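The structure appears right after this line, and notes come after that.
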Amino acid sequence: MNRADAPAADVHDGPDHQVEDGSEDDGDMAAQARFALETLAELDAGNGVSLPRLAKRTGLRVSVLLRLYTLMSDARVGDAQGPGWVRLHVDEDGRWIARMTPAGRGDAPTDPAP
């Protein structure tokens with residue numbers, strides 16, 4: 001049996017914590033965001049961490065992590081700009097990498113005071 005023939009339950013990659021209508025519960029999304037940020041902080045030793053590694057550690061799908069980390073980056077979504085805690089990039093091998101920024105680590109700003 002191939003993946004297309006498998007029942008939906010067998011195709012599921014992991015917990016995505018969605019309610020019946022397909023929209024995510026806000027409290028659950030906030031908990032996922034905190035967990036994703038804490039896990040990145042734990043694993044990031046300055047070189048960044050691949051999203052597949054983070055997905056394996058957190059039990060969240062890569063697509064969920066990509067969405068959460070994008071919201072935590074400095075990306076503009078609609079009229080709101082993110083806090084800039086995470087930087088996402090694709091490495092030379094085509095892997096998505098997440099990295100904590102100084103703002104995400106809570107480091108003091110490096111801008112000199114006027």
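The structure presented is a predicted model; accordingly, all values stated were derived computationally and were not measured. Numbering starts at 1 and runs along the sequence shown.
- The main-chain N or O of Arg76 is never found under 3.5 Å from a side-chain atom of Gln81 such that the two would form a donor-acceptor pair.
- Shortest non-hydrogen contact noted between Val64 and Gln32 is CG1-OE1, 3.9 Å.
- Here the shortest heavy-atom pairing between Ala98 and Val86 reads CB-CG1, 4.2 Å.
- Taking each heavy atom of Leu65 and Ala55 in turn, the nearest pair found is CD1-N, 3.3 Å.
- The hydrophobic clustering, which links ILVMFWY residues whose side-chain heavy atoms are closer than 4.5 Å, places Met72 and Trp96 together.
- With hydrophobic clusters built from ILVMFWY side chains whose heavy atoms lie under 4.5 angstrom apart, Leu66 shares a cluster with Leu68.
- A distance of 10.5 Å separates CZ of Arg53 from CG of Leu40, quoted to the nearest 0.5 Å.
- The shortest distance between side-chain heavy atoms of Leu54 and Tyr69 falls below 4.5 Å.
- A heavy-atom distance below 4.5 Å is not found between the side chains of Ile97 and Leu88.
- With hydrogens and angles disregarded, a donor-acceptor distance shorter than 3.5 Å links the side chain of Arg99 to the backbone of Gly46.
- Looking only at distances, a side-chain donor or acceptor of Asp44 sits under 3.5 Å from a matching main-chain atom of Met100.
- Taken from CG in Leu51 to OG1 in Thr58, the straight-line distance is 9.5 Å, to the nearest 0.5 Å.
- Shown here for Ala103 and Gly84, the closest heavy-atom pair between the two residues is CB-O, 3.8 Å.
- Asn47 CG to Leu43 CG: the interatomic distance, rounded to the nearest 0.5 Å, is 12.0 Å.
- Proximity of a side-chain donor or acceptor of Thr101 to a complementary backbone N or O of Trp85 within less than 3.5 Å is detected.
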